[in-house]
**Q** 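Below you'll find the structure I mean.
Just so it is clear, the structure is predicted and the values come from calculations on it, not from any experiment.
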Amino acid sequence: MSRFFRMLGAAAAILSIGLVTAPAAQVVEEGDEEVERYVLAPGDRIDISVLEDPSLNRQALILPDGRISLPIAGTLRATGKTPEQLAAEVQGRLASIFVTPPTVTVSAVGLGALGEEAEPQPLIYVLGEVRSPGAVPFDEETPLTVVQTLALVGGPAPFAARKRIQIHREVDGVKTVELFDYDALESGLSTEAGPILGDGDVIIVPERSLFD
């Protein structure tokens with residue numbers, strides 16, 4: 001349940017913050033040389049690998065508030081850190097479940113908007129138990145339903161609570177949450193593909209509980 005509330009908090013941050021910050025570089029000393037390291041920024045997609053337990057491997061999207069959420073490690077601030085610094089923090093968070101500190105690597109596999117003058121791209125965010133969580137471009141001329149959007153991120157993951165997928169949106173300052181039953185559509189019990197989504201909408205696919 002704690003993981004569900006972390007995802008819900010991340011969604012609230014998305015709905016309340018829409019500005020993407022430009023990435024930067026951090027200068028570090030290596031011996032007698034100064035080396036520039038890439039600093040993570042909102043909108044970046046990162047790959048987190050744990051050598052000792054591949055089940056913890058994840059790709060994560062850095063949210064507009066600069067945070068990511070990971071199993072066991074919880075919510076961490078990624079913005080302003082190099083991949084190496086973030087890896088060290090994740091390692092510290094996971095250390096309690098290993099006999100020796102795990103080997104954690106973080107790499108940027110997709111970069112956010114470049115340049116301070118870049119216009120924020122309209123996006124739909126998909127979080128939680130999907131195969132490739134992240135942001136899907138929004139285009140008014142080719143609107144997407146919930147099912148179409150889920151298809152673009154690989155669909156629900158094996159441990160997804162497919163009957164209670166959440167759609168978070170804000171219209172005229174009013175925040176709402178709708179539920180969508182993916183299983184009902186897949187089984188033929190329903191023809192409903194979910195509402196048409198808009199810029200800034202958030203899909204959260206919770207983790208399946210013992211009662212799902």
**Q** Does Ser49 have any side chain to side chain donor-acceptor pair (under 3.5 Å) partners at least two apart in sequence or in another chain, and if so, which?
**A**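 Once residues adjacent in sequence are excluded, the partners of Ser49 under the side chain to side chain donor-acceptor pair (under 3.5 Å) criterion are Asp47.
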
**Q** Which is it for Val106 and Gln85 under the side chain to side chain contact (heavy atoms under 4.5 Å, CB included) test, yes or no, and what are the steps along the way?
**A** CA-CA 9 Å; Val106 173; Gln85 289 169 334; over 6 Å; no

**Q** Under a 4.5 Å cut-off applied to non-hydrogen side-chain atoms, are Leu150 and Val205 in contact?
**A**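 Counting from C-beta outward, Leu150 and Val205 do come under 4.5 Å.
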
**Q** Name all pairs fulfilling the side chain to side chain donor-acceptor pair (under 3.5 Å) condition that reach into residues 179-198, sequence neighbours left out, sorted by first residue then second.
**A**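 Only Arg162-Asp183, Arg162-Glu186 qualify under side chain to side chain donor-acceptor pair (under 3.5 Å).
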
**Q** In Å, rounded to the nearest 0.5 Å, how long is the span from CD of Glu140 to CG of Asp199?
**A**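 One finds 8.5 Å between CD of Glu140 and CG of Asp199.
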
**Q** For Leu86 versus Leu40, what's the shortest heavy-atom pair and its separation?
**A**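 Answer, listing the atom of Leu86 first, then Leu40: CD2-CD1, 3.7 Å.
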
**Q** Would a single hydrophobic cluster contain both Ile72 and Ile46, if residues Ile, Leu, Val, Met, Phe, Trp and Tyr are joined by side-chain heavy-atom contacts under 4.5 Å?
**A**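 Linked within one cluster.
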
**Q** Atom CZ of Arg45 and atom OG of Ser107: how far apart are they, to the nearest 0.5 Å?
**A**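 Arg45 CZ to Ser107 OG: 12.0 Å, rounded to 0.5 Å.
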
**Q** Begin from the C-alpha positions of Ile203 and Val136 and carry the test side chain to side chain contact (heavy atoms under 4.5 Å, CB included) through to its verdict.
**A** CA-CA 11 Å; Ile203 298 175; Val136 175; over 6 Å; no

**Q** Can you tell if the side chain of Leu152 reaches within under 4.5 Å of the side chain of Leu144, non-hydrogen atoms only?
**A**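 Yes, side chains in contact.
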
**Q** Quick one: list whatever passes salt bridge (Lys or Arg N to Asp or Glu O under 4.0 Å) with Asp53, sequence neighbours left out.
**A**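 Per chain and number, Asp53 pairs via salt bridge (Lys or Arg N to Asp or Glu O under 4.0 Å) with no residue.
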
**Q** CD/Glu129 to CZ/Arg208 distance, rounded to the nearest 0.5 angstrom?
**A**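 One finds 9.0 Å between CD of Glu129 and CZ of Arg208.
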
**Q** Run Gln166 and Leu179 through side chain to side chain contact (heavy atoms under 4.5 Å, CB included) and show every step you take.
**A** CA-CA 5 Å; Gln166 305 167 17; Leu179 294 181; 3.8 Å; yes

**Q** Which heavy atom of Phe180 sits nearest a heavy atom of Ala193, and at what distance?
**A**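 Heavy atoms of Phe180 and Ala193 come nearest at CE1-C, 3.7 Å.
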
**Q** Can you tell me how far the CD1 atom of Ile68 sits from the CG atom of Leu63, to the nearest 0.5 Å?
**A**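 The CG atom of Leu63 is 9.0 Å from CD1 of Ile68, to the nearest 0.5 Å.
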
**Q** Mind listing the closest non-hydrogen atom pair of Gly43 and Leu61 along with its distance?
**A**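 Heavy atoms only, the tightest pair is O-CD1, 3.6 Å.
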
**Q** Does the side chain of Val146 reach to within under 4.5 Å of the side chain of Pro195, using non-hydrogen atoms?
**A**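 Yes. Closest side-chain heavy atoms under 4.5 Å.
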
**Q** Closer than 3.5 angstrom, by distance alone: can the side chain of Arg58 be matched with the main-chain N or O of Ser55 as a donor-acceptor pair?
**A**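 Indeed, once roles are kept as given, a pair shorter than 3.5 Å links the two residues.
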
**Q** Which atoms form the tightest heavy-atom contact between Glu207 and Arg164, and what is the distance?
**A**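 Between these two residues, the closest heavy atoms are O-NH2, 3.4 Å.
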
**Q** Are Glu89 and Arg77 close enough, and set up right, to give a salt bridge (charged side-chain N to carboxylate O under 4.0 Å, His left out), and what steps lead you there?
**A** CA-CA 10 Å; Glu89 185 171 349; Arg77 178 168 292 281; over 6 Å; no

**Q** Tell me the closest heavy-atom pair linking Pro206 and Ile165, and the distance in Å.
**A**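 So the two residues come closest at CD-CA, 4.3 Å.
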
**Q** What are the two closest non-hydrogen atoms of Ile62 and Ala78, and how far apart are they?
**A**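 Shortest heavy-atom contact: CD1-CB, 3.8 Å.
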
**Q** Does Glu52 have any salt bridge (Lys or Arg N to Asp or Glu O under 4.0 Å) partners at least two apart in sequence or in another chain, and if so, which?
**A**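 Salt bridge (Lys or Arg N to Asp or Glu O under 4.0 Å) list for Glu52, sorted by chain: empty.
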
**Q** Once side chain to side chain donor-acceptor pair (under 3.5 Å) is applied, do any residues pair with Ser132, and if so which ones, sequence neighbours excluded?
**A**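 If we apply the side chain to side chain donor-acceptor pair (under 3.5 Å) test to Ser132, skipping adjacent residues, there are no hits.
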
**Q** Using side chain to side chain contact (heavy atoms under 4.5 Å, CB included), reason through Phe138 and Asp201 one step at a time and then give a plain yes or no.
**A** CA-CA 10 Å; Phe138 167 76; Asp201 285 356; over 6 Å; no

**Q** Output a table of donor-acceptor pairs, distance under 3.5 Å, between side-chain atoms of residues 90-99 and any protein atom two or more places apart or on a different chain; print 'none' if there are none.
**A**
{"from": "Gln91", "atom 1": "NE2", "to": "Pro102", "atom 2": "O", "distance (Å)": "2.7"}
{"from": "Arg93", "atom 1": "NH1", "to": "Ala73", "atom 2": "O", "distance (Å)": "2.5"}
{"from": "Arg93", "atom 1": "NH1", "to": "Thr75", "atom 2": "O", "distance (Å)": "3.4"}
{"from": "Arg93", "atom 1": "NH2", "to": "Thr75", "atom 2": "O", "distance (Å)": "3.4"}

